[in-house]
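Start at 1 and go down the list; that is how both ligands and their atoms are numbered. Keep in mind it's a predicted model, so treat the numbers as computed, not measured. Reckoned from all heavy atoms, side chains included, excluding hydrogens, waters and symmetry mates.
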Amino acid sequence: MKKIAILGSTGSIGTQTLEIVRENKDIEVLGLAAGSNIRLLEEQIREFKPRLVAVWEEEKAKELRVLAADLDVEIVSGMEGLIRVSVLEETEILVTAIVGMIGIRPTIEAVKAGKDIALANKETLVTAGHIIMPLAKERHVSILPVDSEHSAIFQALRGNEKKALHKILLTASGGPFRGKKQEELLNIRVEDALKHPNWSMGQKITIDSSTMVNKGLEVMEARWLFDVEIDQIQVVIQPQSMIHSMVEYKDGAVMAQLGTPDMKLPIQYALYYPQRRYLKGDRLDFWSIGRLDFERPDMDTFYALLLAYEAGREGGTLPTVFNAANELAVKMFLNREIKYLEITEIIEDCMRAHKNIENPALEEILTVEAEVYERIESRR
Ligand code: NDP
Ligand code: MG
C-alpha cells in the first residue's frame, strides 16, 4: 500500500486525486486538509478513513468533530494542523493541492520530513523555489509535478540526457479571451472569466488562465522544477490543449506529450512514478482531430505574462510580489470589487513599487506578502 496525504482534498485537484485512490485499490490516505468545506470532508473521512484531518478555521474544525464523532479520526486546525498533516509519520507522498502561497510552510516541513511531493500548488514553488529545490535535493526528496504542462515536460525528459536539453516549449490554451484586445476586455464579468474553453478547474486558477498569469506562474514553476534559465522557456499557444508541453533538444529534436485535457493523468503519473497505470477516460482520436493549431502569445494584451518573465528573471522577492498581488487581486475581482483589467494593473503597480530582496529567507517572503497586501488594501 502506498501511503499519501492530501492538502486541499475538497478542491478540483484534491477530489480528482481521491478518484484515483478510489479506482486503484493500493493507496491508503492517512491525512486530509481543507479550508472550510466540512460537509465534503465528512464524506471523505467516511470513505477514505484518514487518521488525521486539518480544517483551516478552528470553528469549522469544532463542527467537523461533532459530525465525525462516531469515527476514529483526529481533527486539527490552523497552520499547525496543516503542518501536522504534511509530516504524518508513515506518509510517503504529500499531494499539495491547496491553492496559494499558504502552501509554503507545510511543503517545506514535508520536504524536511523526507516526504516526496506531488506538487500542484505552483504558487509555493514560484515564491520559495530557491528554498524548496535545494532542500529537496539535500533530503533526497522527489518533487513530482502535477501541473499538466510540467508533467508533460517531466515525461518528455525521461530517457534523454538532461544536458542535451535546449529549451522548454510550454503550451497554453490562451484562455477564454484569446484573440481579444484590451478594449474588448474592459467590461469582462466574473462569469465570463470563469468559462475556460478546455479545462474544468478551481476558480482562482481559472481566472489566472484567462489573464495568462497562470502561464506566467508556470514559467517560473518550470524554471525551478527543471533547473533552466527563464529565457529557455518559450510559451506557445496551442488552443486545443492536446499538446500538454514539449521539450527541444540540442539536435533540434522535439518531444511532446499529448492527451485529452484530463488532470487525472498527471496526478496518477505523479502518484505512481515511474510506473504507468491504466486510466479510464477518452483517448485522442487523431482521425477526427484533423488539425492542431499554434500561435504566439499576445503579450501586449496579456502583459501579465511579460511581467512574470521579468519577475522570474529578476528572482529574489519579485516573484512573491507578482504572486501575492495576483492572489489578492483575483479575490477582489471574484468579490466584484475591482474590474478585470485591474488584476494585471495591480500586479504591475506592486512590482514597480517593490525593492527587491535577493535570496530571501522564508520570513522575508512572508513579510513581502503582507506588505503587498497592505499596499493593495491602502488603494481601496
Ligand atoms: P480549488 O479552489 O478547487 O481547491 C483548493 C483547495 O484548497 C480546497 O480543498 C480548499 O478547501 C483548500 N484550501 C484553501 N485554503 C485553505 C487553507 N487555508 N487551508 C487548508 N486548505 C485550504 O483549487 P484547485 O484544485 O483548482 O487548485 C489547487 C492548486 O493546484 C492551485 O495551486 C492550482 O494552481 C493548482 N493546479 C490546479 C489545476 C486544476 O486543474 N484545478 C491544474 C494545475 C494546477 P475548501 O474547499 O474547504 O475551501
Ligand atoms: Mg497548467
Side-chain angles (χ1 to χ4, degrees), residues 5-19 31-44 53-61 63-64 75-86 95-107 117-127 145-154 170-175 194 196 198-209 212-222 225 235 238 241 243-245 257 259 261-267 270 323 326-327 330-331 334:
I6 309 170
L7 304 185
S9 66
T10 53
S12 160
I13 295 288
T15 51
Q16 293 182 84
T17 305
L18 288 170
E19 279 178 48
L32 296 175
S36 59
N37 188 351
I38 52 171
R39 297 279 157 199
L40 184 52
L41 264 179
E42 182 197 351
E43 283 174 31
Q44 294 180 344
V53 170
V55 185
W56 183 247
E57 295 163 37
E58 173 54 26
E59 277 309 302
K60 292 276 176 187
E63 282 179 50
L64 185 59
I75 294 163
V76 290
S77 65
M79 182 53 77
E80 203 184 313
L82 260 183
I83 292 176
R84 274 192 61 196
V85 170
S86 310
V95 181
T96 60
I98 195 169
V99 60
M101 57 188 288
I102 190 155
I104 297 181
R105 287 186 54 204
T107 306
I117 308 289
L119 184 130
N121 178 215
K122 61 190 87 182
E123 296 91 345
T124 282
L125 215 52
V126 165
T127 52
V146 166
D147 211 344
S148 60
E149 294 78 1
H150 305 74
S151 176
I153 296 160
F154 188 61
L170 190 72
T171 54
S173 70
L194 283 178
H196 194 280
N198 306 328
W199 297 93
S200 154
M201 310 178 284
Q203 288 200 335
K204 192 244 174 198
I205 185 175
T206 306
I207 302 294
D208 289 353
S209 298
M212 295 290 278
V213 162
N214 182 52
K215 213 43 59 179
L217 294 173
E218 289 184 355
V219 168
M220 294 189 261
E221 182 187 10
L225 281 172
V235 173
Q238 205 290 290
S241 294
I243 300 185
H244 297 313
S245 276
Q257 186 253 330
D262 181 354
M263 285 308 296
K264 287 204 279 301
L265 192 153
I267 298 170
N323 179 74
N326 178 63
E327 283 193 26
V330 168
K331 266 192 202 136
L334 286 170

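The CD atom of Gln16 sits 5.0 Å away from atom CD1 of Ile267, with the distance rounded to the nearest 0.5 Å. Between the CE atom of Met101 and the CD atom of Glu327 there is a distance of 6.5 Å, given to the nearest 0.5 Å. One finds the CG atom of Leu7 at 6.5 Å from the OG1 atom of Thr107 (value rounded to the nearest 0.5 Å). One finds the CG atom of Leu64 at 11.0 Å from the CD atom of Glu58 (value rounded to the nearest 0.5 Å). Separating the CD1 atom in Ile207 from the NZ atom in Lys331 is a distance of 13.5 Å, to the nearest 0.5 Å. Considering OG of Ser200 and CE of Met263, their distance stands at 11.0 Å, rounded to 0.5 Å.
At the top of the distance list for atom 32 (O) of ligand 1, counting protein heavy atoms only, stands Glu123 OE1, 2.7 Å. Residue, atom and distance of the protein heavy atom nearest to atom 22 (C) of ligand 1 are Gly35 N, 3.4 Å. If you check which protein heavy atom lies closest to atom 2 (O) of ligand 1, you get Gly202 CA, 4.0 Å. From the protein, the heavy atom lying nearest to atom 47 (O) of ligand 1 is Ser36 N, 2.6 Å. For atom 33 (C) of ligand 1, the closest heavy atom belonging to the protein is Ile205 CD1, 3.9 Å. Protein heavy atom at the shortest distance from atom 34 (O) of ligand 1 is Lys122 CE, 3.2 Å. Protein heavy atom nearest atom 28 (C) of ligand 1, with residue, atom name and distance: Ala97 O, 3.3 Å. The protein heavy atom nearest to atom 5 (C) of ligand 1 is Val99 CG1, 3.8 Å.
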I'd like a table of donor-acceptor pairs (distance under 3.5 Å, sequence neighbours excluded) in which one partner is a side-chain atom from residues 32-39, with atom names and distances.
{"from": "Asn37", "atom 1": "OD1", "to": "Leu40", "atom 2": "N", "distance (Å)": "3.2"}

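Counting only heavy atoms from C-beta outward, the side chains of Val99 and Asn121 never approach each other to under 4.5 Å. In this structure, the side chains of Asn323 and Lys122 stay at 4.5 Å or more apart for every pair of heavy atoms. Here the side chains of Val55 and Leu41 are in contact, with some heavy-atom distance below 4.5 Å. Side-chain contact between Ile153 and Leu170: present, with at least one pair of heavy atoms (C-beta onward) separated by less than 4.5 Å. You'll find the side chain of Leu18 stays beyond 4.5 Å of the side chain of Glu43, heavy atoms only.
Shown in contact with Asn37 at under 4.0 Å from a heavy atom are these atoms of ligand 1, numbered in order with element: 46 (O), 47 (O). Close contacts between ligand 1 and Ala120 involve ligand atoms 30 (O), 32 (O), 35 (C), 36 (N), 44 (C) [criterion: under 4.0 Å to a heavy atom]. Counting the atoms of ligand 1 from 1 in the order shown, those under 4.0 Å from a heavy atom of Ile102 are 18 (N). Atoms of ligand 1 lying under 4.0 Å from at least one heavy atom of Thr10, given by number and element, are 8 (C), 9 (O), 10 (C), 11 (O), 45 (P), 46 (O), 47 (O).
Not one N or O on the side chain of Ser151 forms a donor-acceptor pair closer than 3.5 Å with the backbone of Asp147. At least one donor-acceptor pair under 3.5 Å links the side chain of Gln44 to the backbone N or O of Ser9.
Ordered by chain and number, Asp147 OD1, Glu149 OE1, Glu218 OE2 make up the set of protein N, O or S atoms under 2.8 Å of the Mg ion (ligand 2).
When only interatomic distances are considered, the shortest N/O to N/O separation between Met201 and ligand 1 does not fall below 3.5 Å. Inclusion of Ser12 in the set of residues having an N or O under 3.5 Å from an N or O of ligand 1 is warranted.
Under a 4.0 Å heavy-atom criterion, Gly14 is not in contact with ligand 1. The shell of residues lying under 4.0 angstrom from ligand 1, judged by heavy atoms, excludes Lys204.
Only the backbone of Ser9 comes within contact range of ligand 1, with a heavy atom under 4.0 Å; no side-chain atom does. Only the side chain of Met263 comes within 4.0 Å of ligand 1, judged by heavy-atom distances.
Residues passing the ring-ring contact (aromatic ring centres under 6.0 Å, His included) test with His244 are Trp199, sequence neighbours excluded.
Contacts classified as salt bridge (charged side-chain N to carboxylate O under 4.0 Å, His left out) and involving residues 198-208 (residues at least two apart or in different chains) are given here: Glu123-Lys204, Lys204-Asp208.
Between Asp147, Ile13, Ile98, it is Ile98 that holds the heavy atom closest to atom 29 (C) of ligand 1. Looking at Ala33, Gly11, Ala34, it is Ala34 that brings a heavy atom closest to atom 20 (C) of ligand 1.
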